[in-house]
2 protein chains.
Amino acid sequence: MNATARLDRTLAALADPHRRQVVELLRERPRRAGELAEAAGLSPPAMSRHLRTLRASGLVEERHDGFDARVRVYRLTPAPMTELTEWLRETEEMWADQLSAFRKHMLARGDAA
Amino acid sequence: MNATARLDRTLAALADPHRRQVVELLRERPRRAGELAEAAGLSPPAMSRHLRTLRASGLVEERHDGFDARVRVYRLTPAPMTELTEWLRETEEMWADQLSAFRKHMLARGDAA
DNA sequence: TTAATATTTAACGCATATGTGAACTATATC
DNA sequence: GATATAGTTCACATATGCGTTAAATATTAA
């Protein structure tokens with residue numbers, strides 16, 4: 001999968017408020033699927049699908065609990081967000097350059113910055 | 001509009017590859033609607049709708065050209081991306097804390113980090 | 001071995017997003 | 001004034017996303 005498609009999936013995954021809530025919960029600590037469903041006020045099937053989407057985007061990973069194999073524990077995997085952060089940084093950097101060039105232009109004209 | 005809804009719109013706007021391409025083009029310099037349509041290989045109506053979405057998310061703004069009032073020039077407005085960057089920063093920060101806590105835990109147990 | 005638990009998958013309905021061609025608005029050019 | 005140009009909006013078809021309930025899977029507990 002190329003970088004564009006990965007950014008697509010990452011952004012689409014984070015565009016849903018329930019999934020973003022999951023990320024916020026998982027950034028504190030790993031949690032069980034059922035715990036996430038309850039915290040988000042969603043039915044288990046609904047949460048299961050969100051978790052599938054998050055898994056497909058690479059934002060979270062699933063593990064089986066050591067004691068009770070029915071339980072699935074989800075945890076954050078930061079790589080996709082790092083890639084997104086990098087894209088945003090480049091965009092903002094470019095904009096900052098553009099802005100400073102604009103200011104320089106204005107100063108050269110004698111206008112106030 | 002609250003922060004969650006704004007993040008929603010920003011992320012949804014950026015989740016489309018054509019719209020992200022528009023942002024990438026605009027981070028170089030402002031451009032005309034028609035120029036963006038051609039660059040993205042889209043029909044004018046399709047691009048017009050993407051631009052409406054980007055406008056609604058606050059990522060771009062539209063201005064009328066000074067010489068030819070038919071022409072609409074689009075430019076980037078960075079505020080929404082700043083907010084998104086902030087959200088990502090918090091998330092990654094939390095994850096870094098978690099990782100360092102995990103390493104500390106492992107070190108305390110005498111395992112290799 | 002039967003029943004309960006944790007989670008996922010399947011089938012369905014509904015809302016929303018995307019692209020296309022046709023029609024519309026506003027402005028410029030001849 | 002007639003026509004061309006830049007861009008948008010409309011109407012339509014198709015596709016995708018989200019939630020719900022019912023059923024299936026796997027595992028633990030009684």
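Lettering follows sequence order; numbering is per chain, from 1.
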Original post:
Would you say A/His64 reaches C/dT7's phosphate, i.e. side-chain N/O to OP1/OP2 under 4.0 Å?
Top reply: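 So the side-chain polar atoms of A/His64 never come under 4.0 Å of the phosphate oxygens OP1 or OP2 of C/dT7.
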Quick one: list whatever passes side-chain contact (heavy atoms from CB on, under 4.5 Å) with [X], sequence neighbours left out.
{"X": "B/Ala15", "result": "A/Leu11, A/Ala12"}
{"X": "A/Arg31", "result": "A/Leu25, A/Leu26, A/Glu28, A/Arg29, A/Glu35, A/Leu36"}
{"X": "B/Ala33", "result": "B/Leu51, B/Tyr74"}
{"X": "A/Arg70", "result": "A/Asp68"}

**OP:** Using a 4.0 Å cut-off on protein heavy atoms (strictly under), produce a 5'-to-3' string for nucleotides 24-30 of chain C with B for base contact, S for backbone-only sugar-phosphate contact, and - for none.
**Re:** --BBS--
**OP:** Tell me which residues in residues 6-14 of chain A put a heavy atom below 4.0 Å from DNA chain D, sorted by number, or none.
**Re:**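 When residues 6-14 of chain A is checked for heavy atoms under 4.0 Å from DNA chain D, there are no hits whatsoever.
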**OP:** Taking B/Ser57 for its side chain and B/Ala13 for its backbone only, find out whether a donor-acceptor pair lies under 3.5 Å.
**Re:**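 Judged by distance alone, no pair lies under 3.5 Å.
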Original post:
Counting distance only, does the side-chain N/O of B/His64 pair as donor-acceptor with the main-chain N or O of B/Arg72 below 3.5 Å?
Top reply: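 Looks like no, no N/O pair under 3.5 Å.
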Original post:
In terms of side-chain heavy atoms, does B/Trp87 have a donor or acceptor partner in A/Glu24 at a distance below 3.5 Å?
Top reply: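 Per modelled atom types, B/Trp87 and A/Glu24 side chains form a pair under 3.5 Å.
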Only pairs under 3.5 Å count here: list side-chain donor-acceptor contacts from residues 40-49 of chain A, not counting sequence neighbours, and write none if there are none.
{"unit_1": "A/Ser43", "atom_1": "OG", "unit_2": "A/Ala46", "atom_2": "N", "d": "3.3"}

Subject >> Any residue meeting salt bridge (Lys or Arg N to Asp or Glu O under 4.0 Å) with A/Arg9, in chain and number order, not counting sequence neighbours >> reply: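 Partners of A/Arg9 by the salt bridge (Lys or Arg N to Asp or Glu O under 4.0 Å) criterion come out as none, since no residue qualifies.
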**OP:** For A/Val71 and A/Val73, run side chain to side chain contact (heavy atoms under 4.5 Å, CB included): C-alpha distance rounded to whole Å, both residues' side-chain angles, the deciding distance at 0.1 Å, then the answer.
**Re:** CA-CA 6 Å; A/Val71 171; A/Val73 177; 4.2 Å; yes
Between the protein and nucleotides 9-17 of chain C, which nitrogen or oxygen pairs are less than 3.5 angstrom apart?
{"unit_1": "C/dT9", "atom_1": "OP2", "unit_2": "A/Arg52", "atom_2": "NH2", "d": "3.3"}

**OP:** Considering non-hydrogen atoms only, spot the tightest contact between B/Thr10 and B/Pro80 and give its length.
**Re:**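 Result for this residue pair: OG1-CB, 3.7 Å.
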**OP:** Go through residues 31-43 of chain B and report each residue with a non-hydrogen atom lying under 4.0 Å from DNA chain C, sorted by number.
**Re:**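 Nucleic-acid contacts, sorted: B/Leu42, B/Ser43.
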Original post:
Are more than 12 heavy atoms from other residues, nucleotides or ligands located less than 6.0 Å from atom CZ of A/Arg89?
Top reply: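 Count over threshold, so yes.
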**OP:** Please say whether more than 12 non-hydrogen atoms of neighbouring residues, nucleotides or ligands are located less than 6.0 Å from CD in A/Glu38.
**Re:**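 Counting neighbours around CD of A/Glu38, 12 or fewer heavy atoms of other residues, nucleotides or ligands fall under 6.0 Å, so no.
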Original post:
Pick one: which of A/Thr4, A/Thr91, A/Asp8 meets side-chain hydrogen bond (donor to acceptor under 3.5 Å, both in side chains) with B/Arg20?
Top reply: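 Running side-chain hydrogen bond (donor to acceptor under 3.5 Å, both in side chains) over A/Thr4, A/Thr91, A/Asp8 with B/Arg20 returns exactly one hit, A/Asp8.
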Subject >> First and last nucleotide of DNA chain D, 5' to 3', lying under 4.0 Å from heavy atoms of chain A >> reply: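 Contact boundaries, 5' end first: D/dC18 to D/dT28.
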Original post:
If you look only at pairs with a residue in residues 10-33 of chain A, which of them pass as a ring-ring contact (aromatic ring centres under 6.0 Å, His included), with sequence neighbours excluded?
Top reply: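 Every pair satisfying ring-ring contact (aromatic ring centres under 6.0 Å, His included) with a residue in residues 10-33 of chain A: A/His18-A/His50.
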